[in-house]
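Values reported hereafter were calculated over all heavy atoms of this structure, with side chains retained and with hydrogens, waters and symmetry mates removed. Proteins come first, then strands; the chains are lettered A, B, ... in the order of their sequence lines, and each starts at number 1.
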Amino acid sequence: MKILVVDDEADVQPLFLQCFRKEIREHEIEFDFALSGEEALVYLKEKHSEVVLILSDINMPGMSGIDLLSRIRHDYNVPPPPVVMMITAYGDEENHRQAIENGANDFLTKPLDFNLLKEKLKTLLA
Amino acid sequence: MYILYFLAAFLLTFRLKKVLQDTPLYTKWKNQLNYGWGIWLIFGLAQSKMGDSGASIVGCLLLLGLLQYLSREPDFEPFQFYITAHYPLVAVGLLDALIELIAPDFYEKWRSYFGFAVLAAFVWIYARWVNSKKQRKDLEVATRRNTELDRLVTERTAELTKQKNELQETVKLLQATQAQLIQQEKLASLGELTAGIAHEIQNPLNFVNNFSEVSMELIDEMEEELNKGDTAEAIAIATDIKQNLEKIIHHGKRADGIVKGMLQHSRSGGDTKEPTDINKLADEYLRLAYHGLRAKDKLFNAELVTHFSENLPLVGMISQDVGRVLLNLFNNAFYATQHKKATAGAGYKPTVELSTSLDGKNVRITVKDNGTGIPDAIKDKIMQPFFTTKPTGEGTGLGLSLSYDIIVKAHGGKIDIQSKEGEGAEFIILLPLTK
């Protein structure tokens, strides 16, 4: 399963790689990263068929996670559509409502609870 | 006829007494002038002992003596005009008497003319008296007017002095209020910062938490690997753990720096200039301003573009003050783009651009936005204290005015504004490298 993580903080990359160390070793999960919404769109142009799940931060300079989400839902609507989970440091109603409204499958808050994320991935894989 | 000379002498003393009555000179001259009554005694003696011409000569000499006496007294200087009017009478009188003595026939023949001349001289005195009386009255009126004017001037002066004192009090009060407002402006900008700061601290804290947790898991895994005897894998895990600890330190320091910056921002006073990395300072405040606004308006999003000139020399500055200026400019820029977004179409992309560069002996900081811009009509006013376009309660109107003070007065720099209404604004700060 290929997962694209979109976050402007570069340090989330080693964090994900280490948290999913076992899964990566077992080749259950493969991670790719983008540092902005724009970068994610470029990436998706080529690899959208491979990506199963997109984890995106909402608060990024430039294109926001919500903008990215609506672009994905618009451009890559052929089934099966990718699962998109939004992540934000502002765990407020407004962000949540907007994410769901724009077609997010789930909504996570920072700091990320990796055990919870793993649980969610398990149900996704099953 | 001779009675006229005595009458003139008497009237002279009498009138002088009357005139002096209301002045401080009166007590000095009262007794002497009262001797005027003695004139009638002399008159009585002269009348009984001498003939007409003898009495006339006595009267004239008496009058002449009196005139001579009065002329020498400086106290009677103001009445000279009236006193000298008596000389014609003395002259005409003496001539009249002498001619009567020397040439009685001639005198008899022209008697009526002589009598007429004496009378004319007497009437002349009266005319001069009336005239001088009028002059004195005019003088009196003028004096009264002067006194009145003096009184008015004194009154007005007192009034003005009172007003001046009141104004001075008001100015003092205003100065105190201004100091308070400046402090409030600082606190207000700190309030705007709080949300940004919270976000900025939250991010590194998240990393500290996440990297700590994952490191603990890694240690468990490392134990497992060691128990299995796979030392190569254990060493690989140890390397990861070390890296994680470095990340924890890095993000811990990041949070630390933000808190220190916040404390510095709220601290007042400190006016020592220290060498500062302008790129770092500007970037820090740009993020704080952005996240501060984001915390208030969750839907707002802007593109932050930075062009930092590498290898800029450190600039001596009061960093919390310059930081406050930058924060203010960023807040304004975001506010302008936020407002434009409300009316502009979907194609509008709020952008705030921050650039630094070396410009001769100055460092140039440019804050550019594509927001609502500044109308020409208010361009001259925006640096004035208390001028604000924001709704009441949202802006103090002191932001740019304080910025001007900080950059121009405290740092010897410059602030330039370029703007087209509806297209955006550009604020250019020049800070001198050496002072």
Interface check, chain A: of B/His251, B/Gln202, B/Arg287, most non-hydrogen pairs under 4.5 Å belong to B/His251
salt_bridge(A/Lys110, A/Asp7) N-O dist < 4.0 Å
yes
Assess whether a salt bridge exists between A/Glu9 and B/Arg254, defined as any Lys/Arg side-chain N lying under 4.0 Å from an Asp/Glu carboxylate O.
yes
Regarding A/Glu119 and A/Asn115, do their side chains bring together a donor and an acceptor under 3.5 Å, going by distance alone? no
**Request:** Would you check if the distance from the ring center of B/Tyr290 to the ring center of B/Phe334 is below 6.0 Å?
**Result:** yes
Honestly, the part of B/Phe207 sitting under 4.5 Å from a heavy atom of chain A is side chain
ask   = Would you call B/Arg324-B/Asp321 a salt bridge at under 4.0 Å N-O?
value = yes
So, the part of B/Leu205 with a heavy atom under 4.5 Å from chain A: the answer is neither
Ranking B/Leu218, B/Asp240, B/Thr351 by heavy-atom pairs under 4.5 Å to chain A gives rank one to B/Asp240
Okay, A/Asp113 and chain B: the region with an atom under 4.5 Å from a heavy atom over there is neither
